[in-house]
2 protein chains.
Amino acid sequence: MRLLGIDPGIGRTGFGVIDTWEDVVQHVEHGCLETDKNDSRQNRILDLYRQFSEVVDRVKPDIAGVEHLYAGRNATTAIQVAEARGAILLGLAQRAIPSRAYAPASIKMTLTESGRATKFEVREVVMMQLGLEKPPQPDDASDALACALTLLYDVMENPDD
Amino acid sequence: MRLLGIDPGIGRTGFGVIDTWEDVVQHVEHGCLETDKNDSRQNRILDLYRQFSEVVDRVKPDIAGVEHLYAGRNATTAIQVAEARGAILLGLAQRAIPSRAYAPASIKMTLTESGRATKFEVREVVMMQLGLEKPPQPDDASDALACALTLLYDVMENPDD
C-alpha cells in the first residue's frame with residue numbers, strides 16, 4: 001500500500017510518500033510544492049492544484065492523509081490553508097483516492113505520544129521510523145511524512161473508517 | 001459585461017448573474033448549488049466543483065465576486081467555507097475569469113450604507129435595484145446577487161484593480 005501525506009498551504013504544500021507491506025515501512029520520496037506570492041490568490045490555487053495533480057498522477061497513492069488546521073490561535077492562516085486544502089481534496093476526489101484528516105496535535109500524539117512535542121522531536125521520530133540519515137527538507141515535507149506515518153498507524157488500527 | 005456573484009458554502013453555494021451595459025443593470029438568473037451532507041467532505045467538494053463549472057460554462061461571466069468570510073465568531077464555519085471557496089476559485093482560475101473578494105460587512109455597506117444591515121434590508125435593496133417583484137430564493141442566491149451588485153459598484157469605481 002502506498003500512502004501520501006500532505007501538509008497543505010497556499011505558499012508551500014509539503015508532500016511525503018511511503019510504502020508499506022507486511023511489517024515493512026519504506027520511504028519513497030518527499031518534496032514541497034511552491035507558488036509565487038506575487039500571483040493572485042486564485043492563480044496560486046490553480047498552480048498548486050496543477051503541481052499537486054502531477055504528483056498524484058506520478059505517485060499513484062492508495063490513500064492520502066491531509067493535515068487539517070482547525071481554527072485556533074491564527075484563524076486567518078487556517079482559512080488560507082483551507083482554501084488550498086479545498087483544491088487538494090478536489091484533486092484526490094477526482095481520482096477517487098480516499099483521504100483522512102489529521103490535526104497537528106493528533107500527528108504529534110501519534111508519533112511521540114505527546115500532543116505538545118516540538119517539530120524537532122517529531123522529525124526525529126520520522127527519521128528513525130523511515131531510516132533516514134538526514135532530516136527531510138524542507139520542514140513542510142518533513143511534516144507531510146509525519147502525516148503519512150500517522151495515516152499508516154490509523155489505517156492499521158481503523159482499516160474500515 | 002456579465003457579473004457573477006457567489007456565496008460559497010460546502011452544503012449550499014448561492015450564485016447570481018447580472019448584466020450591465022451603459023447605465024442599465026439587468027437580472028439574468030440566480031440559483032443555489034447543493035451537496036449531499038451524507039457524502040464525504042472531498043466528494044462534496046468535487047460535486048460542488050462540477051456543478052459550479054457547469055454554471056460558469058453556461059453563464060460565461062466576465063468577472064466574479066466571491067463572498068469571503070473572514071475568521072470571526074464562527075471560525076469553524078469560515079474554514080469549511082474556505083475549502084469550498086478553494087474549489088470555486090480554482091474553477092474561475094481554470095477559465096481565466098478574474099475575481100474579487102468581499103466580506104459580508106462590505107457587501108452590506110455597499111448596498112445599504114450600513115455594515116450592520118439585516119439580511120432583509122439587503123434583500124430589499126437587491127430587489128429594488130434589479131427590479132425583482134419577488135424576493136430571490138433561497139437566501140444564498142439572494143446573497144449572491146448582493147455580491148454581484150457589490151462587484152458591479154466596485155468595478156465601476158475601481159476598474160483597474
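Just the heavy atoms: all of them, side chains too, but no hydrogens, waters or symmetry mates, feed the values below. Proteins get letters first, then strands, A, B, ... in listed order; numbering begins at 1 in each.
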> Looking only at heavy atoms, which of residues 24-45 of chain B get nearer than 4.5 Å to chain A?
Replying inline: B/Arg41, B/Gln42, B/Asn43, B/Ile45
> Is there side-chain contact between A/Met109 and A/Ser114, with at least one heavy-atom pair below 4.5 Å?
Replying inline: no
> Under 6.0 Å from the CZ atom of A/Arg116, do we count more than 12 heavy atoms belonging to anything else shown?
Replying inline: no
>> I'd like to know if A/Asp143 and A/Arg123 make a salt bridge, using a cut-off of under 4.0 Å between side-chain N and carboxylate O.
In response: no
> Does the side chain of A/Ile79 reach to within under 4.5 Å of the side chain of B/Ile79, using non-hydrogen atoms?
Replying inline: yes
> For chain A, which residues of residues 48-55 of chain B have at least one non-hydrogen atom nearer than 4.5 Å to it?
Replying inline: B/Tyr49
> Do B/Leu145 and B/Leu130 have side-chain heavy atoms sitting under 4.5 Å apart?
Replying inline: yes
> Quick one: do A/Leu151 and A/Val56 end up in the same hydrophobic cluster if we chain Ile, Leu, Val, Met, Phe, Trp and Tyr together by side-chain heavy atoms under 4.5 Å apart?
Replying inline: no
> Rounded to the nearest 0.5 Å, how far apart are CG of A/Leu111 and OG1 of A/Thr150?
Replying inline: 4.0 Å
> Going by distance alone, is a donor N or O of one side chain under 3.5 Å from an acceptor N or O of the other, for A/Glu121 and A/Thr118?
Replying inline: yes
> Heavy atoms, side chains only, cut-off 4.5 Å: are B/Leu69 and B/Pro104 in contact?
Replying inline: yes
